Amino acid sequence: QVRLVESGGGSVQAGGSLRLSCVVSGYTYKFTCVSWFRQAPGKEREGVASIYTDGSPTYYADSVKGRFTISQDMARNTLYLQMNSLKPEDTAIYYCAASTGIEVSARPIEYEHNYWGQGTQVTVSS
C-alpha cells in the first residue's frame, strides 16, 4: 500500500521559513512526477511545485518562484519543500502527491496525481 505522509507544517510570521517533508512508502517503482499542492480556505487546490523523473524542468508556480525549493532524497524516499520569505497568502494546507501516469503535464494537474498525503497546515501571520 502506497503511503505519503507529510510533516513540517506550523505557524510562522511573515518572512520566516519552513521545510515540509513527505515520506513515501510502499512503492518500489519510479513515479512519473512528485509534487506539492496547496489549498487555502475557500480556494481551489493549486499546484505549487513538481519534480519530473524524465528530466523535464522543475515546475514552480509564479507565486512561489524564488522563495520555494522542491527537492527529493531518493535514499530516504522523502520529498521536501523548502519555503522561505513566507507571506500570509501562503497560508494553506499543503499536500504532497505522486503520479504513476505514463505522461503528465508540464505543470502539476490534480487529477494526474493518483497518490496523496493527508496534508499539513501552514499558517503565516503578518
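Please read all numbers here as calculations on a predicted model, not as lab measurements. Residues take their numbers from the sequence shown, with the count starting at 1.
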Treating Ile, Leu, Val, Met, Phe, Trp and Tyr as nodes and any side-chain heavy-atom pair under 4.5 angstrom as an edge, say whether [X] and [Y] lie in one connected cluster.
{"X": "Phe37", "Y": "Val122", "answer": "no"}
{"X": "Val124", "Y": "Leu81", "answer": "yes"}
{"X": "Ile93", "Y": "Val48", "answer": "no"}
{"X": "Val64", "Y": "Val34", "answer": "yes"}
{"X": "Tyr94", "Y": "Val24", "answer": "yes"}

Next on the checklist: Using only atom types and a distance under 3.5 Å, with no angle test, would you say the side chain of Thr91 pairs donor to acceptor with the backbone of Thr123?
Outcome noted: no

Next on the checklist: Is it the case that the side chain of Tyr60 and the backbone of Ile70 share a donor-acceptor pair, with hydrogens and angles ignored and the cut-off at 3.5 Å?
Outcome noted: yes

Least distance between heavy atoms, [X] atom then [Y] atom:
{"X": "Ser50", "Y": "Pro108", "answer": "OG-CB, 3.2 Å"}
{"X": "Ala14", "Y": "Ser126", "answer": "CB-CA, 4.3 Å"}
{"X": "Thr78", "Y": "Ser21", "answer": "CG2-CB, 4.2 Å"}
{"X": "Leu20", "Y": "Gly9", "answer": "CD2-N, 3.6 Å"}
{"X": "Tyr59", "Y": "Gly47", "answer": "CE2-O, 4.1 Å"}

[X] side chain near [Y] side chain, heavy-atom distance below 4.5 Å:
{"X": "Cys33", "Y": "His113", "value": "yes"}
{"X": "Glu103", "Y": "Thr32", "value": "no"}
{"X": "Ile51", "Y": "Leu79", "value": "yes"}

Checklist entry - How long is the span from the OG atom in Ser35 to the OH atom in Tyr95, to the nearest 0.5 Å? => result 15.0 Å

Checklist outcome for this item: Rounding to 0.5 Å, atoms OG (Ser25) and CG (Asn77) come to a distance of 8.0 Å

Which pairs count as salt bridge (Lys or Arg N to Asp or Glu O under 4.0 Å) when at least one residue sits in [range], sequence neighbours excluded?
{"range": "residues 105-123", "result": "Arg45-Glu110"}
{"range": "residues 69-96", "result": "Arg38-Asp90, Arg67-Asp90, Asp73-Arg76"}
{"range": "residues 2-20", "result": "none"}

Item to check | Check: Trp36 ring centre within less than 6.0 Å of Phe68 ring centre | outcome: no

Checklist entry - Residues two or more places apart in sequence or in another chain: which of them pass side-chain contact (heavy atoms from CB on, under 4.5 Å) with Asp54? => result Tyr52, Ser56

Next on the checklist: Once side-chain contact (heavy atoms from CB on, under 4.5 Å) is applied, do any residues pair with Ser71, and if so which ones, sequence neighbours excluded?
Outcome noted: Tyr80

Next on the checklist: Please verify the inter-ring angle class for Tyr27 with Tyr115; under 30° counts as parallel, over 60° as perpendicular, anything in between as tilted.
Outcome noted: tilted

Item to check | Contacts of Lys43 that satisfy salt bridge (charged side-chain N to carboxylate O under 4.0 Å, His left out) - sequence neighbours left out | outcome: none

